[in-house]
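First up is the structure itself, then whatever we jot down about it.
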Number of protein chains: 2
Amino acid sequence: MTVTLADVAARARVSPATVSRVLNGNYPVASSTRERVLRAVDELDYVLNGPASSLAAATSDLVGILVNDIADPFFGIMAGAAQSEIGGPGDGSGRGGGEKLAVVCNTGGSPERELTYLTLLQRQRAAAVVLTGGALEDPAHQAAMAVKLARLADAGTRIVFCGRPPLPDTDAVVAALAFDNRGGARRLTEHLIALGHRRIGYVAGPLERTTTRHRLEGHREAMKAAGLYGDEESVTVHGPYDRSSGYDATLELLRREPEVTAVVAANDTVALGACAAVRDRGLRIPQDISVAGFDDLPFSVDAVPALTTVRLPLFEAGARAGRLAMGKETPPPGGMATIAAELMERGSTAAPAR
Amino acid sequence: MTVTLADVAARARVSPATVSRVLNGNYPVASSTRERVLRAVDELDYVLNGPASSLAAATSDLVGILVNDIADPFFGIMAGAAQSEIGGPGDGSGRGGGEKLAVVCNTGGSPERELTYLTLLQRQRAAAVVLTGGALEDPAHQAAMAVKLARLADAGTRIVFCGRPPLPDTDAVVAALAFDNRGGARRLTEHLIALGHRRIGYVAGPLERTTTRHRLEGHREAMKAAGLYGDEESVTVHGPYDRSSGYDATLELLRREPEVTAVVAANDTVALGACAAVRDRGLRIPQDISVAGFDDLPFSVDAVPALTTVRLPLFEAGARAGRLAMGKETPPPGGMATIAAELMERGSTAAPAR
DNA sequence: TACCGCATAGAAAGCGCTTGCTACGGCTGT
DNA sequence: ACAGCCGTAGCAAGCGCTTTCTATGCGGTA
């Protein structure tokens, strides 16, 4: 049936142990022998049996990357960057040895699926796991995650957070890279205030997510600092991180608070929906209403007018997370680093009309 | 160390065989026994050893989804849909049994990486593989792929193509879902011609890709049918499927052929770049130049003006591919189906000025 | 009461690989 | 010239699970 190590050994006239050692390159083998073995491998088109190998060695070459929404470039960019750092040598040029199988798992933002995927990766004895995106703030879920991650770490899995704040009471995590969502949001709102806006609507992300909360907090910090903090509830609307949510929420906002002169969206996708809503109400951007996003996804610069937003170095962060997962880079002190967010002032924000 | 089947068996006072049978549910076990076993599993927080299981059973619960670019929603949407069909019961609500680990692998469009990933999946004895996106037309690579896929199929892996034309000489593939790129492109160009355009620029995708070729062929069919087929080379520019390529190519096009009144882009992302280029040249869309895309990605409706494009049912196709990979759906006759593409007429195209 | 069959549980033989330990030359050092 | 080493290669014992085959006990029928 399929070719086994033993077949290769027979053909190369060595023992299976030797073949294994040639393939793993972790034991001295005379070069003449090595060559003979490699030739046999080639001739027989031998492919290692992963499960058998993982079982015997008690480790696997699987690395999982968990994302909330694979259709969202926010995650796609990070995942792609991480994968390129993990997925073997260079550009897959050859059989370099450290061939890892980097795979991305789509949780759809569901906590159950997140745990399910972690269990599946635990089953596979994954070498590492990268968790991207904000965390859910439900205490029950956080506790379950802490337990699961601790178990994974126990089994030797390296755990890295990317764009997610560190878990309070776990040292299972190798490193946590957190985006400075709060600072970015603060600077964005400060920019709006500097332009002269006083009444600013906020289309927030889903409740109970760290990302949502941090961005909202940054915004309110800026408002407070400017003495503009009032009945914020009436100009804040929550919803998922998607376009239609931004559209609906913005219509609602404009209906509720006609004096609003600027709308800050939870992210760029939501901002796109917000722009559409503003226009459908017959208002101009930025003359009548300023709109701002967050993340600086690739399409944001092409919006008309180009979207003012906060740039997050998604690619760099993903790549770094990948390297940390592979142990190719030493973790930051304290196992945690904050990644700066940069304000991108573009055409969708301007001084209010009056 | 970690909990094994034997530990569970000891605690439940049964044999390991019985525990295995309870977990797999493929053999009659008295309900009292089953209950006892399940309790032990719970109490010990037992997690199956995947490699051991796969080794013994000679199958694994891994399913691979190969994509060209994970940061591109085109692939993200398909992959997400496929994954949701594959990844276990419902929304991960519980331990339903058919828990598969659906993982997406990012090839970055590189043929080597594509093969590398297939080898890695073969190593893991993957249950199924879904290949998305157009194929490279390099004969050497196609041959290598055919061989590799045949081997995978031999080992029991189910192979499904999604948005990729069937391989000529392989019956290793369970099913191939191909998009009607040619027909969609033809109808799009017909629409432009009907509006009165005569000189139409085409910003094509990368060479040697089936998707690129089919879309270009559809476009030229329409041009020929209208008697407009001339020196097409001078109004066609190739480049990768990204925004900056669209921008550069369009500038080049407008420089080379000032009489062009419409630009058709290889996909929506490229179209966004094209729009930016048109505007930077001081021209208006659609009054001076019409622009059209392909795929109808979510952001396309939010472009200003909204992008005329060709809608591909990415989600539905991905979901169907997922079901086919799981054997939940019977393959179409001949193992291949063509998926219709629908023209979406929106604001970015209009009759030319004169 | 004796026999047969069914339902259920256990024993044990691997699945294909890794790796600690052992074995065996040929070289070096004295 | 002999002991001791180093460089290589093989032996064999698992890794933790699945699954075939066998054993046991029970109820029902003749």
Side-chain angles (χ1 to χ4, degrees), chain A residues 1-38 40-41 44-62 97 99 120 122-127 155-156, chain B residues 1-38 40-41 44-62 97 99 120 122-127 155-156:
Chain A
M1 215 24 223
T2 50
V3 182
T4 72
L5 235 212
D7 299 331
V8 175
R11 183 170 244 270
R13 329 200 104 261
V14 296
S15 73
T18 301
V19 177
S20 169
R21 300 204 253 247
V22 169
L23 262 24
N24 290 301
N26 53 9
Y27 195 85
V29 172
S31 61
S32 64
T33 313
R34 186 204 326 287
E35 216 169 284
R36 205 143 31 88
V37 169
L38 289 178
V41 166
L44 296 177
D45 257 319
Y46 171 66
V47 173
L48 188 71
N49 183 319
S53 170
S54 299
L55 172 58
T59 63
S60 92
D61 51 4
L62 243 197
E99 290 289 11
L120 286 170
Q122 188 184 356
R123 254 204 203 9
Q124 304 298 332
R125 304 298 187 256
Chain B
M1 214 23 224
T2 52
V3 183
T4 72
L5 233 211
D7 299 330
V8 176
R11 183 168 242 270
R13 326 199 106 263
V14 295
S15 73
T18 301
V19 177
S20 169
R21 299 204 257 245
V22 168
L23 262 24
N24 291 301
N26 52 11
Y27 194 85
V29 172
S31 60
S32 65
T33 313
R34 186 206 325 289
E35 217 169 282
R36 202 142 36 85
V37 169
L38 289 179
V41 166
L44 296 177
D45 257 318
Y46 171 68
V47 174
L48 188 71
N49 183 319
S53 170
S54 298
L55 172 57
T59 62
S60 93
D61 51 4
L62 242 197
E99 290 288 11
L120 254 27
Q122 186 184 357
R123 255 205 203 8
Q124 305 296 334
R125 304 300 188 254

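By convention in this document, chain letters (A, B, ...) are assigned in the order of the sequence lines, proteins followed by strands, and residues within each chain are numbered from 1.
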Listing time: all N or O pairs from protein to nucleotides 9-15 of chain D that are below 3.5 Å?
residue	atom	partner	partner atom	Å
D:dA9	OP1	A:T33	OG1	2.4
D:dA9	OP2	A:A30	N	3.0
D:dA9	N6	A:Y27	OH	2.7
D:dG10	OP2	A:S15	N	2.8
D:dG10	OP2	A:S15	OG	3.0
D:dG10	OP2	A:T18	OG1	2.7
D:dG10	N7	A:R21	NH2	2.8
D:dG10	O6	A:R21	NH2	2.8

Please tabulate, one pair per line, each protein N/O and nucleotide N/O from nucleotides 25-28 of chain C that are separated by under 3.5 Å, including the distance.
none

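The salt bridge (Lys or Arg N to Asp or Glu O under 4.0 Å) contacts involving residues 9-28 of chain A comprise A:R11-A:E43, where partners must be two or more places apart or lie in separate chains. Residue pairs meeting the salt bridge (Lys or Arg N to Asp or Glu O under 4.0 Å) criterion with at least one partner in residues 45-54 of chain B, sequence neighbours excluded, are A:R151-B:D45.
Taking 4.0 angstrom as the limit, B:S53 places a side-chain polar atom (N or O) nearer than this to OP1 or OP2 of D:dT18. Within the 4.0 Å cut-off from OP1 or OP2 of C:dG16, not a single side-chain nitrogen or oxygen of A:T4 is found. Contact annotation: B:S20 side-chain N/O to D:dT18 OP1/OP2 distance is under 4.0 Å. Listed pair A:N26 / C:dT19 meets the phosphate criterion, a side-chain N or O lying under 4.0 Å from OP1 or OP2.
In this structure, A:N49 has no side chain to side chain donor-acceptor pair (under 3.5 Å) partners at least two apart in sequence or on a different chain. Remark: B:L48 engages A:R123, B:Y46, B:S53 in a side chain to side chain contact (heavy atoms under 4.5 Å, CB included) (not counting sequence neighbours). Residues forming a side chain to side chain donor-acceptor pair (under 3.5 Å) with B:T33 (at least two apart in sequence, or on another chain): none. In this structure, A:R36 has no salt bridge (charged side-chain N to carboxylate O under 4.0 Å, His left out) partners at least two apart in sequence or on a different chain. Every residue two or more places apart in sequence or in another chain that forms a side chain to side chain donor-acceptor pair (under 3.5 Å) with B:S15 is listed here: B:T18.
Listed here is the closest heavy atom pair of B:A9 and B:P16: CB-N, 3.6 Å. For the residue pair B:D7 and B:T2, the shortest heavy atom distance occurs at OD2-O, 3.9 Å.
Remark on the helix from C:dT1-D:dA30 to C:dT30-D:dA1: inter-end axis angle 40°, axes from five-pair C1' superpositions, rounded to 10°.
Across all strands, B:D7 comes closer than 4.0 Å to no nucleic acid atom at all (heavy-atom distances).
B:Q124 contributes atom CD, which lies 8.0 Å from atom OG of B:S54 (distance to the nearest 0.5 angstrom).
Residue A:L23 contributes atom CG, which lies 11 Å from atom C1' of C:dC17 at whole-angstrom precision.
Looking only at side-chain heavy atoms (C-beta outward), A:V29 and A:V37 stay at 4.5 Å or farther from each other.
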